[in-house]
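For reference, the structure is listed below as structure tokens.
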Amino acid sequence: MTRIIATKPYDDQKPGTSGLRKKVPVFQQENYAENFIQSIFDALDGYKGKTLVLGGDGRFYNREVIQKVLAIAAANGFGKVMVGQGGILSTPAASNVIRKYKAFGGIILSASHNPGGPHEDFGIKYNIDNGGPAPEKITDAIFAKSKTIKEYKIADIGEIDIDRIGTVEAGGMTIEVIDSVKDYAELMESLFDFKALQKLFESGFRMRFDSMHAVTGPYAKEIFEHRLGAAEGTCRNFKPLPDFGRHHPDPNLVHCKHLYDEMMKPDAPDFGAASDGDGDRNLIIGKGIFITPSDSLAMLCANATVAPAYANGLAGIARSMPTSRAADRVAEKLGIGIYETPTGWKFFGNLLDAGKATICGEESAGTGSNHIREKDGLWAVLLWLSILAVRSESVQQVATKHWAEFGRNYYSRHDYEGVDSGRAHALMEELGGKLASLAGTSVRGLKIEKADDFAYHDPVDGSVSEHQGIRVHFEGGSRVVFRLSGTGTEGATLRVYIEHYEPPTGKLDKDTQKALADLIAAADDIAGIARHTGRDKPSVIT
Ligand code: G16
């Protein structure tokens, strides 16, 4: 039986950079999740009788919302839902299932790298039929629906057993519980030369992969230890936990410091990597060397032809605007297109669909390719392993040679988290107001060449996205970018992205923070970070 439940709108269901992210108690308010799920369906057309893919990163409240989506999808007329066993699908795995089975779309329950637990974060996002995050016109429509919603439909289908693989009929809809890992592992096997990677591990190559008690545990175990024969113990923290063991499942140098420390020891393994809550981000650390996500993108692109999937070369590279321009130099050398998009993986979808870009990447630890329409942590690790296997070199050697050829983009991101939202917006407004007067002035001896507020003109559909971050360019190619995060759930997070280019003839082995010291000081002078935020240093430096 289907029931129609009267409800009242909430005014705060605007999807951010990647779906709706809020604290669990917010989602637990009466009809809060139900409203948003119904608003997603209300914003879509033509899904009756079609297939929806459903899964999440297993965080606290995942199972409850999986049941809600099933009941609401049945009442709204979906023909079938394919749900990951136990409600689990990593974000890249969900993207793959949507594409492989030609589903209408998918709902992914995740707050990505944000912490999980009864008082921590939860999230819901919708992906379209290409497997990628819904573009802005859909997320805007969902938000509009959420502000006027009066009722939602729900089917009385009881609690569905999502732990047993198989198919059941409920509420006039088919529910298929699928293996969360199998399709994804097969996809990886089709992209990379698994025999070459098996040989790498047979030769004694040692790796650590840290799943941070999040969704990639079962994927990593299957791929690295079972299919590639990496030694048992390669995978760490591989048991997914609803609260991620009370850690932030954010693979950066703060929250994954234990891996960094291990990789800096004299007897470190050859390769260290980690991924986040929903498996789309990656952290890459070689023995004795951390590779920034921006550099990783450039190095992956420069070497991608080692993998069978990219043997014929890349069509183009896309990066988000704040990502360093290391990849631009690779694109230039390869003679292929380089695209600069706003932050948010959703902006890559059109470029990938149109065949303009093959590999995309972001400074926020995301890299991926046209194999799916999400960033993909394990994919990045497999491509790195392929490079090391084919070149028979260490990460350090690959990086050193890369910088010697292309020069080095010293790069760092400084985050000021949990800043009062009014103060953070005041900073951005003040900065925006003085953009026109910055060009030609000097700060700390650095001459400002130009400053602007980044707007993106999508070359495929012509859509325009404005106010995507403020850029200050200095003479000589250095740059500072300011923007407010769209993924936080508490106050505002100011992100300051700092980049300095050192040509191949320059000094390529400096300490990053030291190499950027003047620019960091200039950023504060220009934007008044300390004055506005009341902070004398960032909360996270990556
Ligand atoms: C999401 C988006 C990414 C974005 C990142 C950071 O990643 O998918 O495209 O770069 O957030 O965004 P912001 O700087 O606005 O916080 P994830 O891994 O959280 O889904």
Side-chain angles (χ1 to χ4, degrees), residues 14-22 56-57 59 90-92 94-95 108-116 121-127 131-136 139 212 214-216 244 248-252 255 274-283 292-294 296-297 318-324 340-349 351-352 360-368 372-380 413-419 424 428 454 456 465 467-470 481-497 538-540 542:
K14 184 173 170 52
T17 308
S18 184
L20 182 69
R21 290 185 192 167
K22 300 280 177 197
D57 62 13
R59 68 179 57 227
S90 75
T91 288
S95 183
I108 303 174
L109 308 179
S110 171
S112 188
H113 53 289
N114 296 3
D121 293 0
F122 190 76
I124 303 181
K125 74 170 179 167
Y126 179 70
N127 280 30
E136 270 182 341
T139 54
M212 304 190 83
V215 77
T216 55
F244 308 118
H248 278 243
D250 191 350
N252 63 25
H255 298 298
S275 62
D276 69 331
D278 61 334
D280 54 4
R281 296 185 175 206
N282 68 85
L283 168 71
T292 67
S294 295
S296 178
L297 171 66
R319 62 162 175 81
S320 67
M321 180 274 283
T323 303
S324 100
E340 185 175 45
T341 61
T343 294
W345 202 263
K346 58 187 173 225
F347 292 102
F348 293 136
L351 297 170
L352 292 166
C360 309
E362 294 188 279
E363 51 67 38
S364 57
T367 7
I372 52 171
R373 294 294 181 271
E374 287 278 6
K375 53 190 189 272
D376 190 343
L378 289 172
W379 170 89
R413 187 177 92 186
H414 288 198
D415 292 338
Y416 297 79
E417 295 177 328
V419 175
M428 293 302 286
F454 178 60
Y456 179 59
S465 304
H467 307 303
Q468 297 296 327
I470 288 179
V481 173
F482 302 85
R483 63 178 280 279
L484 299 183
S485 157
T487 54
T489 56
E490 262 177 315
T493 295
L494 170 69
R495 300 206 196 283
V496 185
Y497 311 83
S539 19
V540 177
T542 51

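Whatever order the structure lists them in is the order used to number ligands and atoms, beginning at 1.
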Task: Whether Phe347 and Tyr456 hold their rings parallel, tilted or perpendicular, with breakpoints at 30° and 60° - done: perpendicular
Open item on the list: Closer than 4.0 Å to some heavy atom of Arg495 - which atoms of ligand 1 meet that?
Closed with: 13 (P), 14 (O), 16 (O)
- [ ] Give the numbers and elements of all ligand 1 atoms closer than 4.0 Å to a heavy atom of Glu362.
- [x] 3 (C), 4 (C), 9 (O), 10 (O)
- [ ] Look at the side chain of Thr91 and the backbone N and O of Asp280, then say whether any donor-acceptor pair between them is shorter than 3.5 Å.
- [x] no
- [ ] Starting from atom 8 (O) of ligand 1, find the nearest protein heavy-atom neighbour and note its residue, name and distance.
- [x] Lys375 NZ, 2.9 Å
TODO: Sort out for me which residue in Arg413, Arg495, His414, Glu417 forms a side-chain contact (heavy atoms from CB on, under 4.5 Å) with Pro538.
DONE: His414
Task: Close-contact set for ligand 1 against Gly486 heavy atoms, below 4.0 Å - done: 13 (P), 15 (O), 16 (O)
TODO: State whether the side chain of Arg59 and the backbone N or O of Ser112 hold a donor-acceptor pair below 3.5 Å, judged by distance alone.
DONE: yes
- [ ] Decide, yes or no, whether a salt bridge links Arg319 with Glu362 under the criterion of side-chain N to carboxylate O below 4.0 Å.
- [x] no
Task: Proximal atoms of ligand 1 relative to Arg483 (non-hydrogen, under 4.0 Å) - done: 13 (P), 14 (O), 15 (O)
Open item on the list: Quick check on contacts: which atoms of ligand 1 are under 4.0 angstrom from a heavy atom of Asp280?
Closed with: 18 (O), 20 (O)
- [ ] Over 60° means perpendicular and under 30° means parallel, so classify the ring planes of Trp345 and Phe348, tilted if in between.
- [x] perpendicular
Task: Geometric N/O contact Gly344 with ligand 1, under 3.5 angstrom - done: yes
Task: Trp345-ligand 1 polar pair, N/O distance under 3.5 Å - done: yes
Open item on the list: If we count only N and O atoms by modelled type, under 3.5 Å, do the side chains of Ser294 and Thr292 hold a donor and an acceptor together?
Closed with: no
Open item on the list: Between Asp276 and Arg281 (side chain of the first, backbone of the second, donor and acceptor by atom type, cut-off under 3.5 Å), is there such a pair?
Closed with: yes
Task: Any side-chain donor near an acceptor of the partner, Ser95 and Arg373, under 3.5 Å - done: no
TODO: Report yes or no: do Asp415 and Thr493 form a side-chain donor-acceptor pair below 3.5 Å?
DONE: no
- [ ] Of the side chain and backbone of His113, name the one, both, or neither that has a heavy atom under 4.0 Å from an atom of ligand 1.
- [x] side chain
- [ ] Tell me which protein heavy atom sits closest to atom 5 (C) of ligand 1, plus the residue, atom name and distance to 0.1 Å.
- [x] Arg281 NH2, 3.5 Å
Task: Identity and separation of the nearest protein heavy atom to atom 11 (O) of ligand 1 - done: Thr487 CG2, 3.3 Å
Open item on the list: Under 4.0 Å from a heavy atom of Ser364: which atoms of ligand 1 are those, numbered in the order shown and with their elements?
Closed with: 4 (C), 5 (C), 10 (O)
TODO: Tell me which part of Arg21 gets within contact of ligand 1: side chain, backbone, both or neither, using heavy atoms under 4.0 Å.
DONE: side chain
TODO: Please could you name the atoms of ligand 1 that Thr343 approaches to less than 4.0 Å, counting only its heavy atoms?
DONE: 4 (C), 10 (O), 12 (O), 14 (O)
Task: Proximal atoms of ligand 1 relative to Ser112 (non-hydrogen, under 4.0 Å) - done: 17 (P), 18 (O), 19 (O), 20 (O)
